[in-house]
Amino acid sequence: MAAKSKLSRTRNIGIVAHIDAGKTTVSERILYYTGKSYKMGEVHDGEAVMDWMPQEQERGITITSAVTTCLWKNCEIHIIDTPGHVDFTIEVERSLRVLDGAVVVFCAVGGVEPQSETVWHQADKYGVPKIAFINKMDRVGADFFAAVEMMRERFVSIPLPIQIPAGSEDNFRGAIDLINQKLLTWDDASQGIEYTIMEIPPEYADQAKKQREKMIEKLAEVDDSLADKYIGGEEITVAEIMEAIRKATISLKITPVLCGAALRNKGIQPILDAVIDYLPSPEDVPPVKGINPLTKKEEIRHSSDKEPLAALAFKIMMDEGRKLSFLRIYSGQIHTGDEIYNAVKKKKEKVARLLRMHANKRERIDKASAGELVAILGLKETTTGDTLCDETHPIMLEQIEFYEPVISQAIEAKTPADQEKLTLSLAKLSEEDPTLRVKYDEETAQTVISGMGELHLEIIVDRLKREFNAYVNVGKPRVVYRETIQKHVEMEGLFEKELGDKKHFGHVRISLTPRKRGSGNEVVNKLDSATIPVEYQEAIVEGLREALMSGVLSSYPVIDVEVKVIGGSHKEGESSIQGYKIAAASAFRDGCNQADPLILEPIMLVDIITPSEFMGDVIGDINSRKGDIQTINPKGAVSEIKAKVPLRAMFGYSTDLRSATQGRAVFSMLFAEYNKA
């Protein structure tokens with residue numbers, strides 16, 4: 001039984017939110033109260049434990065997701081503090097992929113902001129149960145019930161307040177626990193370590209009673225056994241309420257909502273209690289599914305040490321020049337010195353060291369089991385999204401989808417000595433960050449880096465200087481375009497040449513067909529081995545995949561095209577891999593030229609929240625940028641505007657928006673689609 005009880009006492013959670021809602025402050029408090037850190041780090045002093053990168057400390061934002069482990073009430077909680085800035089969405093996405101639960105932090109003044117909506121939908125995509133914490137109750141304009149109402153309008157799972165605030169703004173005293181019907185207040189002298197549980201004061205009694213009644217009514221709607229008692233007018237016990245909340249949270253029907261003020265050290269311990277009471281342990285989540293690479297059939301792995309190993313590498317980090325791979329172990333165990341199998345790369349890897357992480361400090365361990373998040377030194381081939389498993393029971397878990405970069409920038413080394421460092425450092429950084437792409441441009445002798453936004457590239461350049469001492473000159477950011485075709489064509493490619501003293505021959509027939517926007521490329525091989533032997537067929541497909549990387553108009557990658565290999569011929573003794581590769585590539589280029597090629601540009605989904613009096617100016621400005629307004633939602637004092645705008649028109653937008661709205665509007669943008677430029 002011992003192993004089972006340890007799993008049931010494990011929680012893997014992420015702390016996610018919109019930028020500036022206060023999630024790093026919440027994480028810092030959690031570490032302090034669970035005894036992991038001896039003093040509280042503050043984001044605004046640049047001293048937060050979880051924001052340990054110098055770039056994070058200066059900007060007061062989180063860039064990489066930090067992993068840490070702490071203990072609370074005999075439970076082991078693994079926490080990932082994720083970034084809120086949209087340029088680092090991939091960090092959130094890959095963290096949610098391996099977590100069992102999330103604490104979503106909202107600001108009591110701003111409510112549901114654009115990025116918190118994105119994060120919420122990412123969590124829904126992976127079926128992650130959530131707890132909501134409405135932070136900053138002490139700020140001017142804080143409104144708990146308005147924030148809950150916004151959640152109700154926007155999200156599928158019903159927000160269920162299990163606490164309500166006692167007072168707000170300057171009068172915020174503490175939280176009223178609706179389940180146990182008590183008032184919790186925190187002691188300032190002990191930095192919030194001490195808190196007092198008391199009877200609800202008379203001035204809040206009516207409101208608390210009404211809200212508790214509402215809470216039970218909502219629970220009865222999603223829980224049958226509770227509904228029978230409720231209708232029958234029977235007394236419902238605290239244990240029954242908690243059991244019902246846990247069930248409904250794990251099945252994504254409801255989201256428990258708590259409140260507090262993290263910066264004032266109020267409301268943190270109940271979050272930890274709620275994580276343990278309502279979020280799932282690795283045993284409560286469905287078993288993980290994967291494909292057996294040998295039989296191509298779906299298999300499952302239950303969260304247990306007894307099952308064969310299945311783990312997902314969700315993050316790679318360079319640390320003092322050594323590669324650290326972060327893993328979520330779904331089943332089985334890993335010991336120091338083990339050989340484990342990478343099912344994606346089809347290679348064996350050696351576990352040199354196993355580490356339990358605490359932000360950027362670490363502790364060596366000898367073994368790690370199902371349900372844990374750990375880091376490994378020594379995996380040479382492994383990259384983000386790879387599955388590590390037992391070679392005798394191979395499995396491939398669903399890989400992580402990466403976003404395509406939308407913005408690029410030319411950089412060049414300042415001195416020849418920097419050039420060597422630059423190549424090495426960029427290789428390491430792109431291994432760490434799957435949304436960073438690096439390309440060397442032969443014509444201009446410049447290196448082009450592409451990423452998710454202006455801030456993303458700024459941080460990369462900063463890290464090149466600081467961590468790798470590689471100094472670079474930086475060009476202006478540029479938009480990353482794409483190419484496609486508009487009509488169906490068939491084309492032949494023939495290559496016959498003597499190179500050296502060997503004849504090379506290749507002959508291929510292909511068809512090119514445009515596909516729906518956003519559906520990606522597909523290469524289909526329709527040949528049989530009688531027409532062209534199999535080893536040359538592989539060369540043809542490889543040649544076509546390489547050709548798709550650069551189009552005929554401006555050498556941008558080609559997207560949304562189906563390429564079919566439909567014929568060709570073979571000459572005994574003369575056919576060569578090289579010949580077929582060249583023939584396939586030239587057929588593709590000639591085909592594109594005749595298929596009405598077209599340049600596509602990235603269109604962004606821009607979400608702006610502005611005081612209503614500036615709405616006209618903001619809309620006028622979007623129209624002048626050739627933007628297309630999708631929706632306008634007035635919300636009292638502020639209005640939300642959603643629009644689709646070409647990325648090329650969005651450079652420097654934050655400065656223009658600030659000056660148009662006296663610095664009071666905020667915006668976020670996400671890639672929406674590629675469309676005709």
Side-chain angles (χ1 to χ4, degrees), residues 12 65 67 80 90-99 125-126 286-303 307-318 322-335 338-355 368 370-405 427-438 520-523 525 538 541-542 544-546 548-549:
N12 289 313
S65 36
V67 182
I80 299 188
I90 184 64
E91 284 285 339
V92 184
E93 179 97 10
R94 59 180 172 187
S95 303
L96 287 169
R97 169 75 173 77
V98 297
L99 292 171
K125 174 168 136 188
Y126 293 120
V288 65
K289 292 187 178 124
I291 301 289
N292 181 325
L294 305 176
T295 63
K296 302 283 184 268
K297 290 204 170 80
E298 188 174 84
E299 291 187 8
I300 60 169
R301 293 279 187 275
H302 292 91
S303 194
E307 297 239 337
L309 174 69
L312 185 81
F314 66 95
K315 181 180 165 72
I316 304 293
M317 194 171 97
M318 289 301 158
R322 288 157 68 201
K323 181 169 151 184
L324 210 54
S325 313
F326 285 85
L327 261 61
R328 159 74 199 257
I329 306 175
Y330 287 101
S331 62
Q333 289 187 332
I334 298 179
H335 300 81
D338 279 358
E339 267 204 343
I340 52 182
Y341 181 64
N342 183 328
V344 179
K345 303 279 192 295
K346 302 190 171 71
K347 294 254 172 77
K348 284 183 181 174
E349 294 268 46
K350 179 102 169 149
V351 179
R353 264 187 204 174
L354 261 179
L355 303 165
E372 292 191 53
L373 296 172
V374 291
I376 294 187
L377 274 173
L379 305 185
K380 293 192 174 65
E381 305 281 340
T382 300
T383 52
T384 302
D386 286 359
T387 302
L388 293 152
C389 58
D390 174 352
E391 197 176 4
T392 52
H393 299 89
I395 189 168
M396 269 168 75
L397 305 175
E398 185 194 345
Q399 290 188 296
I400 301 173
E401 289 173 31
F402 299 129
Y403 298 90
E404 285 300 314
K428 287 183 171 171
L429 286 172
S430 49
E431 203 171 345
E432 234 181 75
D433 180 351
T435 54
L436 170 69
R437 304 288 160 86
V438 180
N521 293 328
E522 195 174 5
V523 179
N525 179 5
E538 283 174 10
V541 170
E542 200 179 316
L544 291 170
R545 287 199 194 284
E546 283 170 17
L548 281 161
M549 299 308 285

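Being a predicted model, the structure only gives us computed values, none of them experimental. Heavy-atom basis, side chains included; hydrogens, waters and symmetry copies ignored.
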Identify the heavy atoms of C389 and A343 that sit nearest to each other, and give their distance.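 Taking every non-hydrogen atom into account, SG-CB, 4.0 Å.
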Are side-chain heavy atoms of [X] and [Y] found at a separation under 4.5 Å?
X    : Y    : value
Q333 : D338 : no
L327 : L373 : no
L429 : L436 : yes
L354 : I376 : yes
T387 : L312 : yes

Approximate separation, where rounding is to 0.5 Å, of [X] [atom1] and [Y] [atom2]:
X    : Y    : atom1 : atom2 : answer
I395 : I291 : CD1   : CD1   : 8.5 Å
L294 : M396 : CG    : CE    : 11.0 Å
L99  : R328 : CG    : CZ    : 7.5 Å

Go through the structure and list residues passing side-chain contact (heavy atoms from CB on, under 4.5 Å) with [X], not counting sequence neighbours.
X    : result
V288 : R301, Y330, L397
T382 : A313, N342, E349, L379, D386, L388
K289 : E298, I300

Please identify each residue that fulfils salt bridge (charged side-chain N to carboxylate O under 4.0 Å, His left out) with E546, with sequence neighbours left out.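 So E546 forms a salt bridge (charged side-chain N to carboxylate O under 4.0 Å, His left out) with K581.
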For T295, side-chain hydrogen bond (donor to acceptor under 3.5 Å, both in side chains) partners two or more places apart: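 With sequence neighbours excluded, T295 shows a side-chain hydrogen bond (donor to acceptor under 3.5 Å, both in side chains) to no residue whatsoever.
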List in chain and number order the residues that pass side-chain hydrogen bond (donor to acceptor under 3.5 Å, both in side chains) with N12, two or more places apart in sequence or in another chain; answer none if no residue qualifies.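 Listed in chain order: D100.
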E381 and salt bridge (Lys or Arg N to Asp or Glu O under 4.0 Å): which partner among K323, K347, K346?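 In the set K323, K347, K346, the residue that makes a salt bridge (Lys or Arg N to Asp or Glu O under 4.0 Å) with E381 is K347.
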